[in-house]
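Written out below as structure tokens is the structure these notes cover.
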Amino acid sequence: MAVTIKDIAKKAGVSITTVSRALNGYPDVSEETREKIKKIAEELNYTPNSIARGLVTNKTQTIGMIVSELIKPGVYHPFFLEVLAGIKAGLKKDRYDLILFTVDPESQDATSYEKLCNDRKVEGAIVEGLRLSDPYIEEIKGTQIPTVLIDIPILTDKVGYVSSDNVQVAFEATSYLIKLGHKNIGFINGHKDAAVSFERLEGYKKALEKNDIPYREEYVIFADFTQEGGYNAFKTLIFEHPEITAIFHASDLMAMGSYRAAKDLGMRIPEDISLVGFDDIELASLITPALTTIRQDTFKMGYTAAKHLLAIIRGEKPQHIVIPHKLVIRDSARKL
């Protein structure tokens with residue numbers, strides 16, 4: 001039989017109301033009584049009914065995670081999985097549950113952001129993967145639902161966001177290739193409907209400008225953050241611009257596509273072409289030659305997003321929080 005607050009009240013020698021108010025954080029219960037009740041609840045393995053508690057406190061201890069176009073055949077999402085693990089870890093101490101919502105433009109048109117969150121009674125939401133053209137982008141700008149975005153720059157009185165310094169990331173990656181002696185540097189970027197794509201392009205341009213290397217628009221291809229996108233973009237760059245000696249990629253997955261394309265074309269890495277990625281997914285260190293890349297701590301990104309969302313729910317001011325990154329030098333880029 002499940003333990004109830006009546007059982008806790010009996011053992012603690014207090015009223016059921018006192019137990020309820022202590023467990024739900026009301027300030028009119030002394031800290032000594034609160035700790036005593038919590039200890040007894042743990043001893044009895046008491047598990048609160050979140051639905052019932054929500055009806056009383058208007059808090060469900062539930063967070064939503066909204067991810068765009070997650071489920072596609074043959075698409076691998078190492079970034080999402082690491083972020084998700086970080087979010088779960090960030091919510092654990094505060095005993096919040098997580099509900100995953102997968103959306104696409106059609107479902108966003110059918111159900112508004114506010115309705116999606118309110119119908120599932122989540123206290124707030126973490127949002128990842130939305131395109132700039134998605135309907136939810138404009139809705140989130142005006143929402144009163146506590147929200148934290150990942151890699152989407154929106155900051156309001158209810159919305160914060162977490163990201164790497166994408167401009168600096170691309171600047172450092174491109175500068176590293178320039179330091180190795182490369183001047184004809186291609187850039188396989190993400191799609192044009194992602195804020196990070198324009199930020200990374202800005203960093204790429206800044207590195208070229210700082211080193212007096214002309215920016216050539218034809219050296220930049222927008223792909224879609226997938227291996228297939230990287231594969232096709234690599235072939236296009238090499239066929240049209242064989243003078244290119246190095247390529248920076250806006251994701252490791254696209255770099256993996258370039259590895260496959262280089263092999264199909266009979267090119268050696270790094271002897272014939274130097275490659276640099278971004279993310280430092282697990283595969284980056286396992287392939288041969290190991291991929292030089294920018295490591296962004298995606299677990300920490302998820303963990304920080306969760307903690308920041310809980311802070312916004314408590315009434316704290318939303319912020320833009322930048323997650324540190326690091327250039328990881330391996331074997332895929334060589335000095336000319």
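Counting from 1, the numbers follow the sequence of the chain as shown. Note that the structure is predicted; figures quoted are calculated from it, not measured.
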Using the rule that two of Ile, Leu, Val, Met, Phe, Trp, Tyr join whenever any of their side-chain heavy atoms come within less than 4.5 Å, decide whether Phe299 and Leu91 are in one cluster. no
May I ask you to say whether Lys205 pairs ionically with Glu202, meaning some side-chain N is under 4.0 Å from a carboxylate O? no
Decide side chain to side chain donor-acceptor pair (under 3.5 Å) for Asp97 and Thr62; before the verdict, give the C-alpha distance in whole Å, the side-chain angles of both, and the deciding distance to 0.1 Å. CA-CA 5 Å; Asp97 293 323; Thr62 303; 4.6 Å; no
Go through His308 and Glu316 one step at a time and tell me if the side chain to side chain donor-acceptor pair (under 3.5 Å) criterion holds. CA-CA 9 Å; His308 188 40; Glu316 295 182 25; over 6 Å; no
Side-chain donor/acceptor of Asp7 to backbone N/O of Thr4, under 3.5 Å: yes
Ignoring hydrogens and angles, state whether a donor on the side chain of Glu114 or Thr143 is under 3.5 Å from an acceptor on the partner side chain. yes
Determine whether more than 12 heavy atoms belonging to other residues, nucleotides or ligands lie under 6.0 Å from atom CD of Glu218. yes
Once you round to the nearest 0.5 Å, how far does CG of Leu283 lie from OH of Tyr259? 11.0 Å
Pairs satisfying salt bridge (Lys or Arg N to Asp or Glu O under 4.0 Å), at least one member in residues 323-336, at least two apart: Asp280-Arg330
Distance-only donor-acceptor hits, side chain of residues 233-241, under 3.5 Å, sequence neighbours excluded:
unit_1: Lys235; atom_1: NZ; unit_2: Tyr231; atom_2: OH; d: 2.8
unit_1: Thr236; atom_1: OG1; unit_2: Asn232; atom_2: O; d: 3.0

Please say whether more than 12 non-hydrogen atoms of neighbouring residues, nucleotides or ligands are located less than 6.0 Å from CZ in Arg216. yes
Can you tell me how the ring of Phe198 sits relative to the ring of Phe222, calling it parallel under 30°, perpendicular over 60° and tilted otherwise? tilted
What one should report as the nearest heavy-atom pair of Phe101 and Gly64 is CE1-CA, 3.7 Å
Establish whether Leu149 and Val322 are linked, either directly or via other cluster members, by ILVMFWY side-chain heavy-atom contacts under 4.5 Å. no
Taking only residues two or more places apart in sequence, or in another chain, which ones meet Ser175 in a side chain to side chain contact (heavy atoms under 4.5 Å, CB included)? Phe171, Ala207
Expected output: side-chain Lys36 to main-chain Ala12 donor-acceptor under 3.5 Å: yes
Is it true that, when you exclude Glu209 itself, more than 12 heavy atoms of the residues, nucleotides or ligands shown sit nearer than 6.0 Å to its CD? no
Please identify which of these residues, Gln227, His249, Lys263, meets the side-chain hydrogen bond (donor to acceptor under 3.5 Å, both in side chains) condition with Ser258. His249
Under-4.0 Å salt bridge between Arg295 and Asp279: no
Sub-3.5 Å donor-acceptor pair from the side chain of Ser107 to the main-chain atoms of Asp104, do we have one? yes
Going through the distances and angles, do Tyr219 and Ile185 end up as a side-chain contact (heavy atoms from CB on, under 4.5 Å)? CA-CA 7 Å; Tyr219 279 7; Ile185 302 170; 5.9 Å; no
So, does Thr18 use its side chain to make a donor-acceptor pair with the main chain of Val14 at under 3.5 Å? no
Closest approach of Tyr113 to Ile66 (non-hydrogen atoms, all atoms of both residues): CE1-CD1, 3.4 Å
Can Val328 be reached from Tyr176 by stepping across I, L, V, M, F, W or Y side chains whose heavy atoms are under 4.5 Å apart? no
On a heavy-atom basis, the closest approach of Ile5 and Val19 is CB-CG1, 3.8 Å
Between Glu123 (side chain) and Gln61 (backbone), is there a donor-acceptor pair under 3.5 Å? yes
If you round to the nearest 0.5 Å, how far is CD1 of Ile154 from NE2 of His320? 12.0 Å
